[in-house]
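Since the structure comes first, as structure tokens, the remarks are kept for the end.
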There are 4 protein chains.
Amino acid sequence: MPEKQQTEESPTPPQRAEERPRRRQARGERRIAELLGAAAAVFCRSGYTAASTNAIAREAGVSPGTLYQYFPNKEAIAVGLGDQLLEHWARSHGQALTSENIGLPLDRMLDAVLDPLIAFNVENPAFAVLMHGPDTPGPIADEIGTVHCALLARVEEMIATRLPDLPPDERTVTANMTLHLFKAGLTLIMSHEGSERDAYIAELKTVMHRYLEPLLEREHPVGR
Amino acid sequence: MPEKQQTEESPTPPQRAEERPRRRQARGERRIAELLGAAAAVFCRSGYTAASTNAIAREAGVSPGTLYQYFPNKEAIAVGLGDQLLEHWARSHGQALTSENIGLPLDRMLDAVLDPLIAFNVENPAFAVLMHGPDTPGPIADEIGTVHCALLARVEEMIATRLPDLPPDERTVTANMTLHLFKAGLTLIMSHEGSERDAYIAELKTVMHRYLEPLLEREHPVGR
Amino acid sequence: MPEKQQTEESPTPPQRAEERPRRRQARGERRIAELLGAAAAVFCRSGYTAASTNAIAREAGVSPGTLYQYFPNKEAIAVGLGDQLLEHWARSHGQALTSENIGLPLDRMLDAVLDPLIAFNVENPAFAVLMHGPDTPGPIADEIGTVHCALLARVEEMIATRLPDLPPDERTVTANMTLHLFKAGLTLIMSHEGSERDAYIAELKTVMHRYLEPLLEREHPVGR
Amino acid sequence: MPEKQQTEESPTPPQRAEERPRRRQARGERRIAELLGAAAAVFCRSGYTAASTNAIAREAGVSPGTLYQYFPNKEAIAVGLGDQLLEHWARSHGQALTSENIGLPLDRMLDAVLDPLIAFNVENPAFAVLMHGPDTPGPIADEIGTVHCALLARVEEMIATRLPDLPPDERTVTANMTLHLFKAGLTLIMSHEGSERDAYIAELKTVMHRYLEPLLEREHPVGR
DNA sequence: GATGAATGAGGATTCATTCAT
DNA sequence: TATGAATGAATCCTCATTCAT
């Protein structure tokens, strides 16, 4: 894994990036992973708001103090988990949301984008929890909304690539709406199983296809 | 309190068993309304999970004990508030989701249905909060999901009326998806103001129009 | 990492068993000094009770474990710091509290004693913090009261020298009172700056002069 | 007791002084007193900084929640206790610090002022604890320094009465010094018992007499 | 009916200290 | 030596709920 802590195994003095490079030991790295895993489980079980740091520590099999050695508070855990999942996503299917699919016809592009994304959510249900954030209203994505924001940026990027002539305002609206439609569909998908789930997957694709197709038409009018 | 036992120990001859209870009920109703109003405010401020019964009581200007005289627990408050809002909705724009709009062309029907619904949500933001429920995943609508369920029933009903030939499975899927699309759009709408809000309203209508139109086509093939 | 452990696994034969331990001690001394400096800073910032060993370690730029390698507990740090400051004091102005000033007329003696002491406190505010000890009542000076005790001994000594005929009881009372007066004045002095501070310094000297002069009179009745 | 809550026993609507008169019930009033008593005990035992709200609740024989129904945090408890003690003092020996003693010769005035004050502190050792505040440095008297401030005001007042020609600056200095001398002496007094205590009481009076007498001389030069 | 009092377990977070590496 | 990891009890404080008045 490329972007890890290179501090401890690097023999050269790490030129102390900030103050104290916080020489993280291997065990600590593992602990962080365990804690994030535990956090994922607890967030899924109880939702972000109702999740308690003590419960996360318990789930991870460590004492509360240990948790706080790695994360200053609950929010930081959520952010950390979001980052981890985002990284995980980037590593495993990162290309799904990028260039290579941009040129495909819409239906195949939707498959190429949505299928891995849905699969990833099914395997990492905490991703969906973080995507939705706490039920607290107000600046939804402010703090723990890393995931939402990252996805939104990707969607906006894709739209910008595919529909370069769309004015920025419209692009924002479209991106927001697209992401929200996806989140809505995902909720439905994840609350069903088997063939029902498949039906909702198909339906979501239908929704998005019908929503987005006219935009593409407008941009690249199929000579008629 | 409506369904409590104030009848048996009443020392007065139980004549006019009508009038007094009614008085009490009247005051009780007012209390309940006050409490629900307070709950609406607090739910909007903090979300369902983070809302505290003490905060609701404080907001209502009563003591915690009083609150528990009318509602056995926090959940019941949410349910009660949902019912109240649903009733309020039924009384004020109830027809919007019913028969009379069924016959309209899709775009006008969407206006007829969505505009009042959005307006209602803007005026009663707690409605949206309840529609979404706590961020706790799992059996989403189980307990406090009255609002979601009621709306879902209405949507399903409308679809059944308008598309009587749709097989029940598909109808459920369509209804669920429609409602979720609406919720997604509503989130966007309510987190913006002014012209941005209007843009999202228009966009939501676009989404729904594009999603639903083909279904109608299928049903009533415009003889062509 | 500069000062790591290249000492013990060093393959050179352990002759010169003298020099190496001295090295270690030297490094240890430095560490201790760093830790005490950090402790001074933290004690001043938060007071003794609220100071945390972790904060001291952080301030010193070392890990908690390292701190506990040199001090068995928080109290020991305070004691160590007290000792260090006392030594520092002895080295820099030690004579101030001793013989040479004993013979001066009271007002000049007060200048000779108080000015350096006040200056020392201003430069080493932790000295004052330790002098006062934790706000915990009871056996005030028991544990960390090294500073208080040392000063008290000096004061008593000076009094004994200057007023050899004072009965021991009275001497104790006088010494205690004198020291407490000084601490009280010091508090005032250190919580002001500039000319206000000067005013309090003058006032403290006045207080002490008026308090002590009659004692001297009694002892050395100005030939009348 | 004149200045109590007159809200609950008054039959007339209490014209809601602020928002909600917080109709305190008798039991609550008692609880507050118990809690303050417990706080006094714990503050004396552990000092302000080390005192814990849970310990206070335990001492009072109630649950932590109960404590927090009456006080929002530890500081508020200290303030409340300070107020209570100040009131108690005002009621019992209030006149000691006021007019009637102003005219006495200094030695008798010191007796009249200090004896009750010392007795009060001996009976209410928490008073001394609050007078000294937390060992945290900085704005000492800011928050819980009610007691210190109240006393300081009284001292300044007395000085202003007795020495009306003293310039304000000097008055402040004198008042501050006087109060600090008293606090210093009190510490000594309270950490001793029996005849030793008496000796320190006498010594404190000596200190203050010698400190203050010249000021009075200056003001009312005994025609000589 | 209404109130405020009371609870106590549980929330987040910190801390002095110990331990394996 | 030095480190960071780990602890777990203790910190302050909140909450849903019950109870006596």
Side-chain angles (χ1 to χ4, degrees), chain A residues 8 20 22-32 49-57 61-75 77, chain B residues 1 4 6 24 27-28 31 50-57 62-75 77, chain C residues 1 3-9 24 27-28 31 50-57 61-75 77, chain D residues 8 20 22-32 50-57 61-75:
Chain A
E8 70 268 57
R20 287 242 134 197
R22 230 72 217 103
R23 195 150 52 112
R24 192 90 75 198
Q25 288 176 346
R27 201 177 6 156
E29 216 58 58
R30 230 178 304 132
R31 263 292 116 89
I32 289 186
T49 313
S52 92
T53 56
N54 283 359
I56 294 172
V62 303
S63 69
T66 297
L67 185 155
Y68 279 90
Q69 196 136 38
Y70 298 100
F71 301 97
N73 52 44
K74 193 164 75 157
E75 199 187 298
I77 302 174
Chain B
M1 47 179 137
K4 261 291 181 57
Q6 81 283 41
R24 284 195 183 177
R27 200 174 37 189
R31 267 283 120 97
S52 92
T53 55
N54 284 355
I56 294 171
V62 303
S63 67
T66 300
L67 184 154
Y68 277 88
Q69 207 128 29
Y70 294 101
F71 301 96
N73 51 44
K74 192 163 81 157
E75 198 188 298
I77 302 174
Chain C
M1 51 198 115
E3 52 273 38
K4 254 304 178 50
Q5 71 290 34
Q6 78 280 46
T7 36
E8 67 268 57
E9 74 270 14
R24 284 194 186 179
R27 198 173 39 187
R31 265 286 120 97
S52 92
T53 56
N54 284 354
I56 294 171
V62 304
S63 68
T66 299
L67 185 154
Y68 277 89
Q69 206 128 28
Y70 294 99
F71 300 97
N73 51 45
K74 194 164 79 157
E75 199 187 297
I77 302 174
Chain D
E8 71 267 57
R20 288 242 134 197
R22 229 71 215 104
R23 194 150 55 110
R24 193 90 75 197
Q25 288 177 347
R27 203 180 0 159
E29 215 59 59
R30 232 179 302 132
R31 264 290 117 90
I32 289 186
S52 93
T53 56
N54 281 1
I56 294 172
V62 303
S63 69
T66 298
L67 184 155
Y68 279 91
Q69 197 135 40
Y70 297 100
F71 301 98
N73 51 47
K74 194 164 74 158
E75 198 186 298

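All chains are named by letter (A, B, ...) in the order of the sequence lines, taking the proteins before the strands, and each is independently numbered beginning at 1. On a predicted model such as this, the values are computed, not experimentally measured, just so you know.
The two residues V62(A) and L67(A) make their nearest non-hydrogen contact at CG2-N, 4.4 Å. The two residues N73(A) and Y68(A) have their closest heavy-atom pair at CA-CE2, 4.1 Å.
Put simply, CD1 on I77(A) is 13 Å from C1' on dG11(E), counting in whole angstrom units. As rounded to whole Å, 13 Å separates atom C1' of dT7(E) from atom CG of L67(D). Taking atom CD1 of I32(D) as the reference point, atom C1' of dA5(E) lies 11 Å away to the nearest angstrom. dA2(E) atom C1' lies 15 Å from atom CZ of F71(B), rounded to whole Å.
Distances shorter than 4.0 Å separate some side-chain N or O of S63(D) from OP1 or OP2 on dT7(E). The side chain of R31(C) places no N or O atom within less than 4.0 Å of a non-bridging phosphate oxygen (OP1 or OP2) of dT1(F). Between S52(B) and the phosphate of dA16(F), there is a side-chain N or O to OP1/OP2 separation shorter than 4.0 Å.
Between T66(B) and S63(B) there is a side-chain heavy-atom pair separated by less than 4.5 Å. Annotation: side chain of T53(A) is not in contact with side chain of F71(A) (no heavy-atom distance under 4.5 Å).
Heavy atoms of A51(C) sit under 4.0 angstrom from primed sugar atoms or phosphate atoms, though from no base atom.
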>> Could you spell out the base pairing of DNA chain E as a dot-bracket line? Use Watson-Crick and G-U wobble contacts where both distances are under 3.5 Å, [ ] for crossing pairs, | for partners on a different strand.
In response: .||||||||||||||||||||
Filtered N/O pairs between nucleotides 17-21 of chain E and protein, under 3.5 Å:
unit_1, atom_1, unit_2, atom_2, d
dT17(E), OP2, Y68(C), OH, 2.9
dT17(E), OP2, K74(C), N, 3.2

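When the nucleotides dA6(F), dT3(E), dT7(E) are ranked by their closest atom to the side chain of Q69(D), dT7(E) comes out on top.
Without hydrogens or angle criteria, K74(D) side chain to A51(D) main chain gives a donor-acceptor distance under 3.5 Å.
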